[in-house]
Asker: 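Let me begin by handing over the structure; questions about it come next.
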Amino acid sequence: MSETIFTRIIRGDIPSHRVYEDEKVFAFLDIAPLAPGHTLVVPKEAAATLDALSEESAAAIGRVLPRIARAVVAATGTRDYNVLQNNGAAAHQAVAHVHFHVIPKPDGARGLGVGWPSGRLEAEEGKRLAAAVAAELAKG
């Protein structure tokens, strides 16, 4: 994977407003926030998408993400928030390094706006897709 702006932030080449760091995870305030307290949680491992991330790094993020969310909620006084993670350009990923956004939703005008054009899962298609995903998981 090529170097990204997040690699340079983690290394300290680019300054950031760090809120958390351990041996596997780095979290800092977004410099173009959707709302005050918008925080990025980034694995130190360089992986472009979540499926490419090691289980060890994914587990490290999973352990600290709730703690960071609680801290953002407490610091901003905002009870509602989104956790967003995108994979690939078509899914709106702007930096090709796994990252999670913790985005406070203080009022209707700030925070993340989400469109959700839901469809319908037919029973037979659901059965087929569930079996296909389960078969992939069984491979290890």
Asker: Output every pair passing ring pair (Phe, Tyr, Trp, His ring centres under 6.0 Å) with a member in residues 37-79, not counting sequence neighbours, ordered by first then second residue.
Answerer: H38-H101

Asker: Any donor-acceptor pair under 3.5 Å linking the side-chain atoms of T49 with those of Q93?
Answerer: no

Asker: State which residues pass salt bridge (Lys or Arg N to Asp or Glu O under 4.0 Å) with K105; sequence neighbours excluded, sorted by chain then number.
Answerer: none

Asker: More than 12 foreign heavy atoms under 6.0 Å from CG of L121: is that the case here?
Answerer: yes

Asker: Going by side-chain contact (heavy atoms from CB on, under 4.5 Å), name the residues that satisfy it together with A69, two or more places apart in sequence or in a different chain.
Answerer: Y81, V102

Asker: Going by the side chain to side chain donor-acceptor pair (under 3.5 Å) test, which pairs reach into residues 110-120, not counting sequence neighbours?
Answerer: R120-E122

Asker: Taking atom CG of L53 and atom CD1 of I61, what is their separation to the nearest 0.5 Å?
Answerer: 6.0 Å

Asker: Please enumerate all residues that pass salt bridge (Lys or Arg N to Asp or Glu O under 4.0 Å) together with D51, with sequence neighbours excluded.
Answerer: none

Asker: Under a 4.5 Å side-chain heavy-atom rule over Ile, Leu, Val, Met, Phe, Trp and Tyr, are I68 and L84 clustered together?
Answerer: no

Asker: With sequence neighbours left out, which residue pairs that include part of residues 131-140 fulfil the salt bridge (charged side-chain N to carboxylate O under 4.0 Å, His left out) condition?
Answerer: E136-K139

Asker: Following the transitive rule for hydrophobic clusters with a side-chain heavy-atom cut-off under 4.5 Å over Ile, Leu, Val, Met, Phe, Trp and Tyr, establish whether L34 and V114 coincide in one cluster.
Answerer: yes

Asker: With rounding to the nearest 0.5 angstrom, report the CD1 to CG distance, I103 to N82.
Answerer: 6.0 Å

Asker: Under the ring pair (Phe, Tyr, Trp, His ring centres under 6.0 Å) definition, can you give me all pairs with a residue in residues 119-140, not counting sequence neighbours?
Answerer: none

Asker: Rounded to the nearest 0.5 Å, what separates atom NZ in K44 from atom OG in S57?
Answerer: 10.5 Å

Asker: NE2 of H97 to CZ of R8: how many Å apart, nearest 0.5 Å?
Answerer: 14.0 Å

Asker: Mind checking who shares a hydrophobic cluster with I14, ILVMFWY linked at side-chain heavy-atom distances under 4.5 Å?
Answerer: I5, F6, I9, I10, F26, F28, L40, V42, V95

Asker: Which residues pass the side-chain contact (heavy atoms from CB on, under 4.5 Å) test with Q85, not counting sequence neighbours?
Answerer: L50, N87, V98, F100

Asker: For V19, which residues count as a side-chain contact (heavy atoms from CB on, under 4.5 Å) partner, sequence neighbours excluded?
Answerer: A27, L29, T39

Asker: Does any pair with a residue in residues 52-67 pass salt bridge (charged side-chain N to carboxylate O under 4.0 Å, His left out), and if so which ones, sequence neighbours excluded?
Answerer: K24-E56

Asker: Does T76 have any side-chain contact (heavy atoms from CB on, under 4.5 Å) partners at least two apart in sequence or in another chain, and if so, which?
Answerer: V72, T78, P104

